[in-house]
Amino acid sequence: MPVTVKPLDAPLGAEIIGLDARNITPQDSKTIFDAFLKYHILILHDQKLTDAELVEFGKCLGPIEKSRVISPLSGRDDIMVISNIREDGKPLGQLPDGEMSFHFDRIHQKQPCKGAALMALEIPQEGGDTLFANMVAAYAALPDDLKKKIEGRTALNTFTYGATSPDKREGAGPQCEHPVVRTIPETGEKSLYVCRLMTDRINGLDPQESRAILDQLCDHAENPRFVYQHKWKVGDIVVWDNRATQHARTDFSENERRLMKRVTIGDNQPPIH
Ligand code: OGA
Ligand code: MN
């Protein structure tokens, strides 16, 4: 059966239909990468991949970046386990609990990751949805005066280990400055590149103005008109372009298990204006 790409009835995203992610031809790889650029997130259903197969699948989008932590639920350094499953009270995965604010992955790195593929293995009955916001559409919809205000500027982004919302951040972790608006090299599209969780200030503005503009930009970016909310089913894989989208997570009960595995796709260049 030929692979088809079916756009979602949403502000971004497409479903990839008729593909077994364990068995990708060079032609499928091209279909997937073209759809990744066009729709910014891709959804596959009913996939049953081993960790090794998930890593192989990720390679059709680019080089795989290592996880910071090796989880006993995988044992591999190229699989990031996202889970609230605990042993003796200690989480066996990363990002274990509940709601997470909007963010770009690894924006504190000089060369943040290009994307990721996340697969659901166990999901709670309710909540734990992942929200994806289209930053190409968000940038395009900004009023001209705001576009002018941020043109050519950079912002400081900070990673705080384990923090899931801006008010839970304590102390500064690794930091990096990046363009406030970045251009996606393959398409020339411009994408808004600030987020609630990690962006601290816009350089060259006084602190009050920087705060006010960041709040305005984040409110705009998170507007439901740019957002698709993914309700997971076991066997779903969602792939996101981490340059053109940011994501967040809704709350879920600590009494239910959630187990996800992720491969992280590296980039070959830092963000450009
Ligand atoms: C991630 C992430 C959200 C989720 O993998 O980077 O933010 O739904 N995950 O667990
Ligand atoms: Mn994330």
Side-chain angles (χ1 to χ4, degrees), residues 13 40-44 51 54-55 57-58 61 64-71 73-74 76 78-86 91-109 112-135 157-166 168-169 173-174 176 193-199 218 221-222 227-254 256-267:
H40 312 307
I41 72 163
L42 303 177
I43 296 168
L44 289 77
D51 291 1
L54 183 60
V55 171
F57 169 68
L61 294 150
I64 304 302
E65 253 180 42
K66 292 204 157 100
S67 176
R68 201 173 40 78
V69 177
I70 299 179
S71 163
L73 297 173
S74 167
R76 290 181 66 116
D78 45 10
I79 292 277
M80 177 177 173
V81 174
I82 293 160
S83 184
N84 63 351
I85 299 171
R86 286 171 158 81
L92 299 180
Q94 296 179 67
L95 311 174
D97 301 315
E99 190 173 2
M100 286 185 75
S101 298
F102 271 96
H103 63 279
F104 297 92
D105 292 330
R106 303 188 178 178
I107 192 174
H108 61 284
Q109 293 179 177
C113 52
K114 178 186 283 187
L118 185 63
M119 181 172 70
L121 289 97
E122 293 184 52
I123 51 165
Q125 290 200 2
E126 237 180 275
D129 300 347
T130 311
L131 301 146
F132 295 92
N134 183 340
M135 288 306 100
N157 301 281
T158 304
F159 174 70
T160 310
Y161 177 65
T164 52
S165 70
K168 289 188 192 132
R169 290 175 42 182
C176 202
Y193 200 53
V194 292
C195 66
R196 186 86 65 190
L197 184 60
M198 285 142 121
T199 309
C218 290
E222 298 171 10
V227 174
Y228 163 71
Q229 179 161 352
H230 188 69
K231 291 187 186 300
W232 291 93
K233 290 195 212 75
V234 170
D236 283 355
I237 297 176
V238 177
V239 178
W240 62 88
D241 185 335
N242 188 50
R243 308 164 302 177
T245 67
Q246 49 178 306
H247 57 277
R249 183 172 72 192
T250 66
D251 209 3
F252 56 97
S253 167
E254 60 186 31
E256 287 194 272
R257 281 160 65 111
R258 189 174 188 270
L259 173 62
M260 321 283 285
K261 290 184 175 175
R262 185 181 108 183
V263 281
T264 307
I265 321 295
D267 212 342

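Each ligand, and each atom within it, is numbered from 1 in the order the structure gives. Only heavy atoms go into these numbers, but all of them, side chains included; no hydrogens, no water, no symmetry mates.
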Q: Answer whether the closest heavy-atom distance between the side chains of K114 and L61 falls below 4.5 Å.
A: no

N/O pairs closer than 3.5 Å, ligand 1 and protein:
from	atom 1	to	atom 2	distance (Å)
ligand 1	5 (O)	R262	NH1	3.3
ligand 1	6 (O)	D105	OD1	3.0
ligand 1	6 (O)	D105	OD2	3.2
ligand 1	6 (O)	H247	NE2	3.3
ligand 1	6 (O)	R262	NH1	2.6
ligand 1	7 (O)	H103	NE2	3.2
ligand 1	7 (O)	H247	NE2	3.1
ligand 1	8 (O)	T130	OG1	2.6
ligand 1	8 (O)	R258	NH2	2.8
ligand 1	10 (O)	R249	NH1	3.0
ligand 1	10 (O)	R258	NH1	2.8

(Q) Is it the case that atom CD in E254 sees more than 12 heavy atoms from other parts of the structure closer than 6.0 Å? (A) no

Q | Which residues share a side-chain contact (heavy atoms from CB on, under 4.5 Å) with K168, sequence neighbours left out | A | T164, S165

Q) When the ring planes of H230 and W232 are compared, do they come out parallel, tilted or perpendicular, using 30° and 60° as the limits? A) perpendicular

Q. Do E65 and Q109 come within less than 4.5 Å of each other through their side chains, counting heavy atoms only?
A. yes

**Q.** Ring geometry between H247 and F132 (parallel below 30°, tilted from 30 to 60°, perpendicular above 60°)
**A.** tilted

**Q.** Residues which pass ring-ring contact (aromatic ring centres under 6.0 Å, His included) with Y193, listed by chain and number, not counting sequence neighbours
**A.** F104, H178

**Q.** Side-chain touch Y228/I43, heavy atoms, less than 4.5 angstrom
**A.** yes

**Q.** More than 12 heavy atoms of other groups within 6.0 Å of E126 CD
**A.** no

Q: Provide the tally of protein N/O/S atoms nearer than 2.8 Å to the Mn ion (ligand 2).
A: 3

